[in-house]
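The next block holds one structure in the form of structure tokens; read it before the comments.
Small disclaimer: the values here were computed from a predicted structure and weren't measured. Whatever order the structure lists ligands and atoms in, that order sets their numbers, starting from 1. Residues take their numbers from the sequence shown, with the count starting at 1.
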Amino acid sequence: MAASVGCGQQGGSGVTVAKEVFGYADGERPVYLYTLKNANGCEARITNYGGIVVSLTVPDRTGKPGDVVLGFSTLDEYLKGHPYFGAIIGRYGNRIAKGRFTLDGVAYTLVANNDENHLHGGLKGFDKVVWQAEIVEGKDGQALALSSLSEDGEEGYPGNLSVQVVYTLTKDNELKIDYEATTDKPTVVNLTNHAYFNLGGEGSGDILGHEMLLNADRFLPVDAGLIPTGELRPVKGTPFDFTQPSAIGARIDHDDEQLRLGGGYDHCFVLSDQGSPITLGARVYEPTTGRVMEMYTDQPGVQFYSGNFLDGSNVGKGGAAYGHRYGFCLETQHFPDSPNKAHFPSTVLRPGQTYSSHTIYRFSVR
Ligand code: GLA
């Protein structure tokens, strides 16, 4: 069984959030770095630029702290561009085919930023927004609330969309992410976080030895542009079956059409236990450090991305180049291209409704 272990001195019972300047966007606008700490000495550092989780420090089985997310130590490196390390993704996580959809009979055209398709909110998605930030009092102590207004027409989307994302580090070594959004016109929304995890520690190597359980008995096959074909395919008998724990690398190079199209895993999995309250979607174990990460969500899907596009061109916080498959993402979300797939769960948000989504990443050791 997994057990929680503290990684430092026991302090008071509350979680604290401290604020410092991280750098300047557009040469003048201050951007902040918030450090969330719990009484176990675990720590999450989050910036209001893109809502990026810059670092996440949790203990290994000997109690030694380690940073388990990929990222940079300076704002400038994030400003230069990167593959969405730790960022909030919106308005729409993952792809919308040809950047087009029709809602209530009106055709909308979004920015195409991934060949002919729209990916992760467009050219300036929520990963590049300087969010309003506020330290708020939660159940466990302090938390970080980020908010932003995405204006009608931004990247082609209809409606003024008001978004709030609350990051909470709990006393149980969980990073909790709660998303909410409202609109003044019918629109589509699909928010997520794009943290790349490496439970062996960022920069320590590839993630192929991590053992993963995914509570998903179907996945969404894709076409050559990584757009779901519309089929919900059973994982049974395929390299996509993680219903029993399996090393991420065990079958990743199998001769399989879907693995070829994704260059590895880059697919949305259909979670088997859906809805509220939130349920276990994944459990990942890293054998050398003993770290375990559990992911809980109320979303219907999770995009499991095995870091196939990482190519060593980004040098991380600890000085290591992030090579092929040095991190994996578990992006909780509705399915990609839902606005064009009537049989997928709806991502439509209407005036008067509140979009909400909840995800927890829980850390322990074995
Ligand atoms: C998502 C996509 C991938 C890729 C990464 C970022 O996971 O599905 O295809 O775009 O983001 O590189």
Can you classify the ring geometry of F197 versus Y361 as parallel (below 30°), tilted (30 to 60°) or perpendicular (above 60°)?
tilted

In terms of relative ring orientation, are F72 and H82 parallel, tilted or perpendicular, with 30° and 60° separating the classes?
perpendicular

I'd like to know if the side chain of S338 pairs up with that of T347 as donor and acceptor (distance under 3.5 Å, no hydrogens or angles considered).
no

In terms of atom number and element, which parts of ligand 1 are under 4.0 angstrom from non-hydrogen atoms of R95?
2 (C), 3 (C), 8 (O), 9 (O), 10 (O)

For Y196, the ligand 1 atoms whose distance to one of its heavy atoms is below 4.0 Å:
6 (C), 12 (O)

What is the nearest protein non-hydrogen atom to atom 7 (O) of ligand 1, stated with its residue, atom name and distance?
E331 OE2, 3.0 Å

Any side-chain donor-acceptor pair under 3.5 Å between S246 and R251?
yes

Test of ring centre spacing under 6.0 Å for Y322 and F309
no

Considering only protein heavy atoms, which is closest to atom 10 (O) of ligand 1, and at what distance to one decimal place?
L119 CD2, 3.4 Å

In this structure, atom 1 (C) of ligand 1 is nearest to the protein heavy atom H120 NE2, 3.1 Å

Counting non-hydrogen protein atoms only, what is the nearest one to atom 9 (O) of ligand 1? Give residue, atom name and distance.
D266 OD2, 2.5 Å

Around atom 5 (C) of ligand 1, find the nearest protein heavy atom and jot down its residue, atom name and distance.
H194 NE2, 3.6 Å

More than 12 heavy atoms from other groups under 6.0 Å of NZ on K37
no

For Q303, take its heavy atoms, then give the atoms of ligand 1 lying under 4.0 Å from any of them.
8 (O)

Please identify which atoms of ligand 1 are closer than 4.0 Å to at least one heavy atom of L226.
9 (O)

Please determine whether ring-ring contact (aromatic ring centres under 6.0 Å, His included) holds for the pair H324 and Y326, giving the CA-CA distance in whole Å, both sets of side-chain angles, and the decisive distance to 0.1 Å.
CA-CA 6 Å; H324 194 217; Y326 264 43; 9.4 Å; no

